Amino acid sequence: MDIKKEFLNINISKKNSEIALLLSTAVLSEIILDREAYYTKNADLKSFTEEILEKDYGEYLFNARPALFARSVKDLREHRKKEIEQFLKIAKNIQKFLMNNVEKDKNDKNKSNNDKEKKSNSNKDVIDAWRAVIES
């Protein structure tokens, strides 16, 4: 089961806020804890927390990703209990972030495949040129 796909396909509402919380927690773990997937530098996470999570955390949290993850999950849980509308907004922000990155990944893969094809074709051209020299 792909958690990201499931999270992208869920219609986030008050009725399914429990499921949205669980899925958003799983997705946040990948966004925050995985250094290769989205943010390679801890400092880059600051823009994510400000824009997507709508929270301005202290600098000390950006020194350790697990601490940042724990704090963001704690805040999400609190929003769900006390400020459901804010929770729904943040969950939808996370969905938009993922959708934008899924599109970006598709474009990057297509570009990578095109570059590989071009390189392969240029290699064939070089080989054909050498073959013509050798055969003559």
Side-chain angles (χ1 to χ4, degrees):
M1 165 172 38
D2 188 13
I3 297 293
K4 284 193 284 187
K5 283 183 183 176
E6 193 169 331
F7 183 67
L8 286 172
N9 292 330
I10 190 172
N11 182 19
I12 297 173
S13 65
K14 287 181 183 179
K15 283 175 39 178
N16 63 2
S17 64
E18 178 78 23
I19 294 168
L21 175 65
L22 294 173
L23 291 174
S24 60
T25 301
V27 168
L28 271 180
S29 72
E30 187 171 330
I31 294 170
I32 294 174
L33 299 175
D34 188 349
R35 288 185 178 276
E36 296 172 8
Y38 299 97
Y39 296 99
T40 55
K41 297 179 182 176
N42 289 7
D44 296 340
L45 285 165
K46 188 152 185 76
S47 64
F48 174 79
T49 58
E50 289 174 349
E51 295 169 14
I52 307 301
L53 302 180
E54 299 182 356
K55 203 73 165 169
D56 188 21
Y57 293 117
E59 291 298 320
Y60 68 95
L61 283 175
F62 295 96
N63 293 333
R65 288 177 184 240
L68 179 62
F69 171 69
R71 180 63 184 273
S72 60
V73 169
K74 177 185 174 204
D75 289 345
L76 266 181
R77 291 172 54 92
E78 286 178 8
H79 283 310
R80 186 178 163 272
K81 287 179 184 174
K82 298 176 183 173
E83 304 166 353
I84 190 74
E85 294 302 322
Q86 181 65 18
F87 166 75
L88 297 174
K89 184 178 178 189
I90 291 170
K92 289 177 183 178
N93 286 348
I94 297 170
Q95 266 186 336
K96 288 177 192 172
F97 173 82
L98 282 179
M99 283 185 187
N100 291 339
N101 280 292
V102 165
E103 291 299 317
K104 182 181 169 193
D105 288 346
K106 284 181 185 176
N107 292 337
D108 288 348
K109 284 181 184 177
N110 288 338
K111 183 180 178 192
S112 176
N113 288 340
N114 289 340
D115 290 346
K116 285 179 184 176
E117 280 183 30
K118 288 178 185 176
K119 187 175 181 179
S120 176
N121 288 339
S122 69
N123 287 342
K124 288 178 185 176
D125 293 341
V126 170
I127 292 171
D128 289 341
W130 275 105
R131 195 173 277 136
V133 168
I134 293 171
E135 289 175 356
S136 62

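These numbers come from a predicted model, not from an experiment.
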Let me see the working for Leu45 and Leu61 under side chain to side chain contact (heavy atoms under 4.5 Å, CB included), right down to the final yes or no. CA-CA 10 Å; Leu45 285 165; Leu61 283 175; over 6 Å; no

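- Among residues two or more places apart in sequence or in another chain, the salt bridge (Lys or Arg N to Asp or Glu O under 4.0 Å) test is passed with Glu83 by none.
- Formation of a donor-acceptor pair under 3.5 Å by the Asn16 side chain with backbone atoms of Asn11 is found in this model.
- Taking the side chain as every heavy atom from C-beta outward, Ile32 and Thr49 never approach each other to under 4.5 Å.
- The distance from the CD1 atom of Ile52 to the OG atom of Ser72 is 12.5 Å, given to the nearest 0.5 Å.
- The line from CD1 of Ile12 to CZ of Phe7 is 4.0 Å long, rounded to the nearest 0.5 Å.
- Between Phe97 and Phe48, the ring planes lie perpendicular to each other; the angle is over 60°, past the 30° to 60° tilted range.
- Residue pairs meeting the ring-ring contact (aromatic ring centres under 6.0 Å, His included) criterion with at least one partner in residues 59-79, sequence neighbours excluded, are absent.
- Looking at residues two or more places apart in sequence or on another chain, you find a salt bridge (Lys or Arg N to Asp or Glu O under 4.0 Å) between Lys89 and Glu54.
- Here the straight-line distance linking atom CD of Glu6 with atom CD1 of Ile3 works out to 5.5 Å at 0.5 Å rounding.
- With values rounded to the nearest 0.5 angstrom, Leu23 atom CG is found 9.5 Å from Gln95 atom CD.
- Taking all atoms of both residues into account, the shortest heavy-atom contact from Ile94 to Ser24 is CD1-CB, 4.3 Å.
- Glu18 CD to Leu22 CG: the interatomic distance, rounded to the nearest 0.5 Å, is 5.0 Å.
- Leu76 is listed as a side-chain neighbour of Leu21, based on a closest heavy-atom distance under 4.5 Å.
- Once rounded to the nearest 0.5 Å, the distance linking CZ of Phe87 with CZ of Arg77 reads 10.5 Å.
- Applying the salt bridge (charged side-chain N to carboxylate O under 4.0 Å, His left out) test to residues at least two apart or on different chains, the pairs with a partner in residues 127-136 are Asp128-Arg131.
- Applying the salt bridge (Lys or Arg N to Asp or Glu O under 4.0 Å) test to Arg65 and every residue at least two apart in sequence or in another chain returns nothing.
- Within the 4.5 Å cutoff, no side-chain heavy atoms of Asn101 are placed close to those of Ile31.
- Legend: salt bridge (charged side-chain N to carboxylate O under 4.0 Å, His left out) pairs involving residues 29-43, not counting sequence neighbours, sorted by first then second residue: Lys4-Glu30.
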